[in-house]
Amino acid sequence: MTYHAKSDFMRTMIERGYLADCTDYQALDEAFLKGVVPGYIGFDATAKSLHVGSLIQIMMLRWMQKCGGKPIVLMGGGTTKIGDPSFRADERPLLTDAQIDENIAGIKRAFAPYVTFGDGPTDAIMVNNAEWLDSLNYIGFLRDIGRHFSVNRMLSFESVKSRLDREQSLSFLEFNYMILQAYDFLELNRRYGCLVQMGGSDQWGNIVNGVDLTRRVIEHEVYGLTSPLLTTSDGKKMGKSQNGAVWLNGDLLSPYEFWQFWRNTTDADVGRFLKLYTELPLEECERLGKLSGSEINAAKIVLANAVTTLLHGAEAAAAAEATAREVFEKGGIGDDLPTVTLTVDEVSDGVGIVQLFVRAGLAASGKDAKRLIAEGGAKVNDETVLDAGLRYGAGELVEPLKLTAGRKRHALVVIG
C-alpha cells in the first residue's frame, strides 16, 4: 500500500491491515477529513448468528464510528430471499420470511457490543433492505435500473465466471443478486447520504456495480472499500474450527469456547489478528506478534482476552482464562467448560465413550471418535482411553466426567 492516508479512518484501515482495495483512496480519505461519512456493510440473514468470519467487517464499522463516521448496518431481509451466488459452487437453500426474520433477530445481538446505535450524527443505524426491495415494481425496476447493467460485464466478474467455468448452473434468480446489491447502495445514498460501501474482497464486483449505478442514476460520487479475505496461516478459512462455525452469539458458542478459539491461534497469525480484532496499539501488536517459543503463548492469551472482552465483556474473558488455567495448568475441571447433560434414562443401560465424544462436540462423527481413541488422543478424567467399546453407567457419572481430545479441547459430561 503506497497511499499515505490523512484521515484517521483511512490510516487505521491501511495500518491495521483492513484494506484490500478502494475505488478512490484520495477522494474517500478527503471525505473523512471534511465531515461525517456514512458507510455501510450488508449482512444476509442466512443463519441465526454471524460467525468469526464476519468479525473483520464488524470491526471496520467499529473503527468507522471511532474515527467519526456513521456506521449503517444493512440487514439483507430482501436479498436473503435470493442468496448471494458469489464464489459458491451451488445455489443457497431458500428461506421462508419467518426464518429470515428469526435470523435477523439473532444477528442483531452481535452488533451491540461493537457499535453504538442511536439518533446522533455518528450513531449507528440498522436498516433492512426488505423496506425497498419487497415493494419493487418489477417492470419499473427493469426499466429504470436494469438498463444500466451490461450482461457482458456481469458475466466477466470473477464471482460469476468461477461458477460458469465449473459448469455449475447459475439461476436467473441468483444472477439478479448483484443488481439488487447495487440498488441497495443507491437507496442508502438517497435515504441516508451513504458514501461508502465496505465488504470482503469477494464483494468487489458487486460494490463497483453499486458505485457505478449511483453515479449513473443520481450523479452522486460514492466509494467502495474492501477488506482482504482472511485465511489462517495454515490455509484454513477464518471462522471455522474443528467443531464447525465459531459463532458470535453466546447461546450458540459459549464465551469459553470463543476464548479458546483465539487462544489456539497459530503462532504466525498472532500479530496480524491482534491488529485486526483488538484495539491494542500497533506497536504492542507488533511486539507481541514477534514473540516466539513459550512467550508467544502469553501473546495468545492477550489476544483471546482482548477479543472476548469486546464481544462478551471483561468478566467473561477473565472467567474463560481462569477455566483454561484450571484445566491446562492444574489438570482440574474448570467451571466454564462446555457441558453435555445426560438424562438418567440415557445412561440406564450405559452410554458409549464414542457417543460421548460426539455429543460433546469433540469428534465430528463416530468414525472420528474411534480414530481419536485409537491414536491415543482421547482422555477421560485426564487418563488416556484406548478402548472404543467402553461404556459408562450412572455410577460413573455421579461426578462430572471430563473428556479431552488432544491437548486443548475439553468438555464435561453430567447427569441432569
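Predicted model only: the values in this text are computed from it and were never measured. For the single chain, residues carry numbers from 1 onward in sequence order.
Of the possible polar contacts, none joining the N209 side chain to the A182 backbone as a donor-acceptor pair under 3.5 Å is found. Checked by atom type and distance alone, the side chain of T23 pairs as donor or acceptor with a backbone atom of G224 at under 3.5 Å. The main-chain N or O of A27 is never found under 3.5 Å from a side-chain atom of E30 such that the two would form a donor-acceptor pair. With D387 contributing its side chain and G389 its backbone, the two residues share a donor-acceptor pair below 3.5 Å. Between the side chain of N249 and the main chain of G106, a donor-acceptor pair closer than 3.5 Å is present. T80 places a side-chain N or O within donor-acceptor distance of the main-chain N or O of A45, the cut-off being under 3.5 Å.
You'll find the ring centres of F111 and F43 inside the 6.0 Å limit. Residues F141 and Y183 bring their aromatic ring centres within 6.0 Å.
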Go through the steps for Q260 and N264 under the test side chain to side chain donor-acceptor pair (under 3.5 Å), then give the verdict.
-> CA-CA 6 Å; Q260 195 61 49; N264 292 340; 3.2 Å; yes
Show the numbers, then the answer: is there a side chain to side chain donor-acceptor pair (under 3.5 Å) between Q203 and N206?
-> CA-CA 5 Å; Q203 295 296 313; N206 290 342; 3.1 Å; yes
Show your working on side chain to side chain contact (heavy atoms under 4.5 Å, CB included) between Y223 and V211 and close with a plain yes or no.
-> CA-CA 6 Å; Y223 312 101; V211 171; 5.6 Å; no
Would F32 and M64 satisfy side chain to side chain contact (heavy atoms under 4.5 Å, CB included), going step by step from the backbone distance to the final call?
-> CA-CA 10 Å; F32 273 97; M64 171 177 275; 3.8 Å; yes
Go through Y25 and C22 one step at a time and tell me if the side chain to side chain contact (heavy atoms under 4.5 Å, CB included) criterion holds.
-> CA-CA 6 Å; Y25 295 93; C22 182; 3.6 Å; yes
Please step through salt bridge (charged side-chain N to carboxylate O under 4.0 Å, His left out) for the pair D44 and K81, ending with a clear verdict.
-> CA-CA 9 Å; D44 277 346; K81 295 171 185 175; over 6 Å; no
Check step by step if side chain to side chain contact (heavy atoms under 4.5 Å, CB included) holds for S49 and I107.
-> CA-CA 5 Å; S49 169; I107 289 170; 5.6 Å; no
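Note that the CD1 atom of I125 and the CZ atom of R191 stand 10.5 Å from one another [nearest 0.5 Å]. To the nearest 0.5 angstrom, Y3 atom OH is 6.5 Å from M10 atom CE. Atom CG of L248 and atom CZ of R109 lie 10.5 Å apart (nearest 0.5 Å). Put simply, CD on Q197 and CG on L225 are 10.5 Å apart, with the number rounded to the nearest 0.5 Å. One distance of note links CD1 of I56 with CD1 of I41; it measures 9.5 Å at 0.5 Å rounding. Note that CG of L403 is 11.5 Å distant from CZ of R359, once rounded to the nearest 0.5 Å.
Side-chain atoms of W262 and I301, non-hydrogen and from C-beta on, never get closer than 4.5 Å to each other. Using a 4.5 Å cut-off on side-chain heavy atoms (C-beta onward), Q99 and D101 make no contact. Using a 4.5 Å heavy-atom cutoff, the side chains of E131 and E187 are not in contact. For the pair V196 and M198, the minimum side-chain heavy-atom distance is below 4.5 Å. L230 has its side chain within reach of L276: a pair of non-hydrogen atoms, C-beta onward, lies under 4.5 Å apart. E257 is not listed as a side-chain neighbour of L252, based on a closest heavy-atom distance of 4.5 Å or more. Within the 4.5 Å cutoff, no side-chain heavy atoms of R215 are placed close to those of H220. Annotation: side chain of V127 is not in contact with side chain of V73 (no heavy-atom distance under 4.5 Å).
In this structure N129 satisfies the side-chain hydrogen bond (donor to acceptor under 3.5 Å, both in side chains) test together with T79, D184, sequence neighbours excluded. The side-chain hydrogen bond (donor to acceptor under 3.5 Å, both in side chains) check on R391 picks up nothing, with sequence neighbours excluded. Every residue two or more places apart in sequence or in another chain that forms a side-chain hydrogen bond (donor to acceptor under 3.5 Å, both in side chains) with Q57 is listed here: S227. By the side-chain hydrogen bond (donor to acceptor under 3.5 Å, both in side chains) test, S54 is found to be paired with no residue, residues two or more places apart in sequence or in another chain being considered.
For Y114 against V307, the heavy-atom pair with the smallest separation is OH-O, 4.5 Å. Closest of all the heavy-atom pairs between A320 and P255 is CB-O, 4.4 Å. Pairing each heavy atom of L311 with each of P113, the nearest pair is O-CG, 3.5 Å. Here the closest non-hydrogen pair linking S7 and L33 is CA-CD2, 3.8 Å. Summarising the geometry of F185 relative to G210, their closest heavy-atom pair is CD1-C, 3.8 Å, with the distance given to 0.1 Å. Listed here is the closest heavy atom pair of N305 and T309: O-OG1, 2.6 Å.
Comment: D29 does not engage K34 in a salt bridge, judged by the lack of any side-chain N to carboxylate O separation of less than 4.0 angstrom. A salt bridge does not link E321 to R263: none of the charged side-chain nitrogens sits closer than 4.0 Å to a carboxylate oxygen.
Put simply, the residue from V302, L288, L303 that forms a side chain to side chain contact (heavy atoms under 4.5 Å, CB included) with T278 is L303.
Applying the salt bridge (charged side-chain N to carboxylate O under 4.0 Å, His left out) test to pairs two or more places apart or on separate chains, those with a residue in residues 5-16 are D8-R11. Listed by first and then second residue, the salt bridge (charged side-chain N to carboxylate O under 4.0 Å, His left out) pairs involving residues 295-320 are D267-K300 (not counting sequence neighbours).
In this pair, F273 and Y277 present their aromatic rings perpendicular. The plane angle is above 60°, beyond the 30 to 60° band.
By the 6.0 Å contact criterion, CD on E286 is enclosed, its count of non-hydrogen atoms from other residues, nucleotides or ligands being greater than 12.
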